[in-house]
Amino acid sequence: MANAKLWGLKKSPWVFHVAAASCNNCDIEILDVLTPRWDVERFGIVLVGSPRHADALLVTGVLNRKSLSRVLRVYEQTPKPCLVIGVGTCTCDNHMFAPSYNVVGPYDKHIPMDVYIPGCPPKPEAIISGVVKALKRL
Amino acid sequence: MKRIVPIGPYHPLQEEPEFFKLIVEGEKVVDLEINIGYNHRGHEFIAQKMTYDQVPFLVERICGICSDSHPYAYVMAVEDAAHIEAPPRAQYIRTIIGELERIHSHYLWVGLAGHFIGYNTVWMWVWRYREPLLDIFELIMGNRNHYAINKIGGARRDILPEHYGTIEKYLDLVEKKTTMFTKAVLDDPVIRARLENVGILTKEDAIGFGVLGPTARGSGYAIDVRKDDPYDAYDKVDWDMIVFDEGDILAKAKVRLLECYESIKIVRQCLRDMPDGPIETRVDEIPPGEGIGRHEAPRGEVFHYVRSDGSNMPARHKIRAPSFMNIPSNVVAVRGYSIADAALVLAAVDPCYCCTERTVVLENGKKKLTGHDLLRLSRQKTEAIRRRYRR
């Protein structure tokens, strides 16, 4: 059964997009990847509306005090095995928001991360290549 | 019977985390509660720990869509405090980037509005023609978003004469495509039926809520910083303010689509008249004092206030983004319409929650010092002083 799930994940990863406390830019670049110039839907990558349907989580932005518990809940709801892909420099090291009173640290303190895609925002090519690398690891 | 329909904070409808409580009676929305704060990162606090030159990079990360507007308003605030003026070429460059950003932001909204009402074709097509614009940003400034063009006392990068042709070529394309979208969106009977007479914000409400930008101009409230208080190259070019009186979503869509034409007009004139010369002035120090900067972002007026104490860091930096004024107006705009319309009405003001975020301090699960409490404390203090004087 686990193998079947893994096969499905590799073949056509369904993605749920979680914006923790982002500036919107990575989120728009993620949507951009779906639009005609890149059109990742032809590879079976679909944005879904519920974490319960998702194989992978695309997280963007820094984690703050209010969004942390919600992000953890979304992670718990995602069926395992799931990939967690951090899009943008904020997910790697809090970027320039590190001195803030409301930021509760990088993601790997709270949830296991698979791939980081640095860039502010990463180019759509970088996002696609990051997802491909995450899939290759499986 | 009243029921509550929660939307968010992580909902497929939204890119950003925000939480709406739709209070409904049957199909009809009777009230709305907005809960924000999922996106608060404390920009004003961080800005006071950075030098004046670093802050533009910080404030452009307030919002990814209006990432030119915030640094634009910030550098104008610092220039106001330091009594300096950018050289003419830099002023034209800033104006061009500001207007190109407006086109990209309005395209983005039209696409998302299409997505919300189930016309994904509109979304795909509009975003397809947004791409060449991002290419131009990359050509001029090296990044698709977060351009870092604004600098205190000028512009960070020049628009090279060999790039004029590329920009002109794109403007021709975007003019043709805007005509196509305007016709496709406004002539489609189904889209018209979804947008017309939905989410009406009357002029009285618009003034009462103090809404800004296309939201105000769609309700017949003619307010635009570029006309009211012209800065940089805006008083040297010829353009019109687009105002519609209906106040429904169709009017807002029309304002945004027709504003694209005005932006094209402004960029063309700027490219034609752009003077030669330096793109920055030397700034040695920011003297003690205060300054304000206002810029008409795609969503309305962005306001930045900077107070300097003569050091190399701002002593206070205050930001007010247009969505902060626009989002509360949803409460009256959505009242009386069905749940099916709510998604579109909530998106009609082109909300930007990352610009809007405010925070409230909680202690042991209780609110500590909201704006209300501050007022109460202030009044109590006045009362105490009054009592002391009476004695």
Side-chain angles (χ1 to χ4, degrees), chain A residues 16-39 41 47-51 53-54 57 59-71 73-74 77 88-90 94-103 119-126, chain B residues 8-19 35-46 48-50 54 57-58 60-67 104 108 111-112 115 120 123-132 134-135 138 143-146 352-355 357 359-362:
Chain A
F16 184 71
H17 159 222
V18 190
S22 72
C23 73
N24 239 347
N25 225 335
C26 297
D27 316 88
I28 283 169
E29 292 294 67
I30 288 171
L31 288 186
D32 233 17
V33 174
L34 299 172
T35 55
R37 190 184 276 190
W38 286 280
D39 195 14
E41 284 196 12
L47 268 191
V48 290
S50 164
H53 299 165
L57 293 179
V59 290
T60 59
V62 292
L63 274 176
N64 73 10
R65 285 171 201 280
K66 201 166 177 179
S67 64
L68 172 64
S69 58
R70 275 85 176 180
V71 171
R73 217 172 129 196
V74 167
Q77 287 174 354
T89 311
C90 294
N94 290 347
H95 203 11
M96 52 176 67
F97 305 109
S100 171
Y101 48 83
N102 206 25
V103 171
C120 189
K123 290 182 75 172
E125 291 93 334
Chain B
Y10 293 100
H11 194 270
L13 182 70
Q14 308 151 336
E15 288 162 41
E16 301 165 86
E18 69 265 359
F19 184 54
N35 184 348
I36 56 171
Y38 299 93
N39 224 334
H40 183 81
R41 285 156 291 163
H43 275 95
E44 292 177 3
F45 175 78
I46 307 172
Q48 289 159 26
K49 295 186 177 313
M50 284 184 156
Q54 290 171 330
F57 297 103
L58 175 75
E60 84 183 349
R61 279 160 183 80
I62 289 175
C63 171
I65 313 170
C66 24
S67 59
H104 121 80
L108 195 138
L112 286 181
H115 173 57
N120 273 345
W123 178 33
M124 292 294 166
W125 273 85
V126 175
W127 281 44
R128 180 179 169 185
Y129 290 106
R130 204 180 132 252
E131 284 305 324
L134 300 183
D135 288 346
E138 201 174 351
N143 201 3
R144 286 159 52 88
N145 316 74
H146 290 330
C352 178
Y353 295 92
C354 33
C355 294
E357 289 301 356
T359 191
V360 166
V361 180
L362 288 169

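Numbered from 1 within each chain, the chains take letters A, B, ... in sequence-line order.
Of the listed residues B/Glu16, B/Gln54, B/Glu60, B/Lys49, the one with more heavy-atom pairs under 4.5 angstrom with chain A than any other is B/Glu16. Most heavy-atom pairs under 4.5 Å with chain B, from the set A/Ser67, A/Cys26, A/Pro36, A/Pro99: that is A/Pro36. Comparing A/Ala98, A/Gly119, A/Pro124 by how many heavy-atom pairs each has under 4.5 Å with chain B, the most go to A/Pro124. Between chain B and the options A/Val74, A/Leu31, A/Val62, A/Val18, heavy-atom pairs under 4.5 Å are most frequent for A/Leu31. Residue with the most contacts toward chain A among B/Met124, B/Arg128, B/His43: B/Met124 (heavy-atom pairs, distance under 4.5 Å).
At least one donor-acceptor pair closer than 3.5 Å links the side chain of B/Asn143 to the backbone N or O of A/Cys120.
Only the side chain of B/Arg144 comes within less than 4.5 Å of a heavy atom in chain A; its backbone stays farther off. For A/Leu68, no part sits under 4.5 Å from any heavy atom of chain B, backbone or side chain. With a 4.5 Å cut-off on non-hydrogen atoms, B/Asn120 does not touch chain A at all. With a 4.5 Å cut-off on non-hydrogen atoms, A/Asp32 touches chain B through its backbone and its side chain both. With a 4.5 angstrom heavy-atom cutoff, B/Glu138 touches chain A only via side-chain atoms. Contacts of B/Ile62 with chain A are made by backbone atoms alone, with heavy-atom separations under 4.5 Å and no side-chain atom involved. Residue A/Ser22 touches chain B through its backbone alone, counting heavy-atom pairs closer than 4.5 Å.
Exactly one of B/Cys63, B/Cys352, B/Pro17 qualifies for a side chain to side chain contact (heavy atoms under 4.5 Å, CB included) with B/Asn39. That residue is B/Pro17.
In this pair, B/Phe45 and A/Tyr101 present their aromatic rings perpendicular. The plane angle is above 60°, beyond the 30 to 60° band.
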For this session: Verify side chain to side chain contact (heavy atoms under 4.5 Å, CB included) between A/Cys23 and B/Arg41, making sure each step is shown before the conclusion.
Result: CA-CA 10 Å; A/Cys23 73; B/Arg41 285 156 291 163; 3.7 Å; yes
Exercise. Does the pair A/Leu47 and A/Phe16 meet the rule for a side chain to side chain contact (heavy atoms under 4.5 Å, CB included), with working shown?
Worked result: CA-CA 6 Å; A/Leu47 268 191; A/Phe16 184 71; over 6 Å; no
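For the residue pair A/Val71 and A/Ala20, the shortest heavy atom distance occurs at CG2-CB, 4.1 Å. Across A/His95 and B/Arg61, no two heavy atoms sit closer than the pair NE2-NE, 3.3 Å.
Inter-residue side-chain proximity for A/Glu125 and A/Trp38 is flagged as met; some heavy-atom pair is nearer than 4.5 Å.
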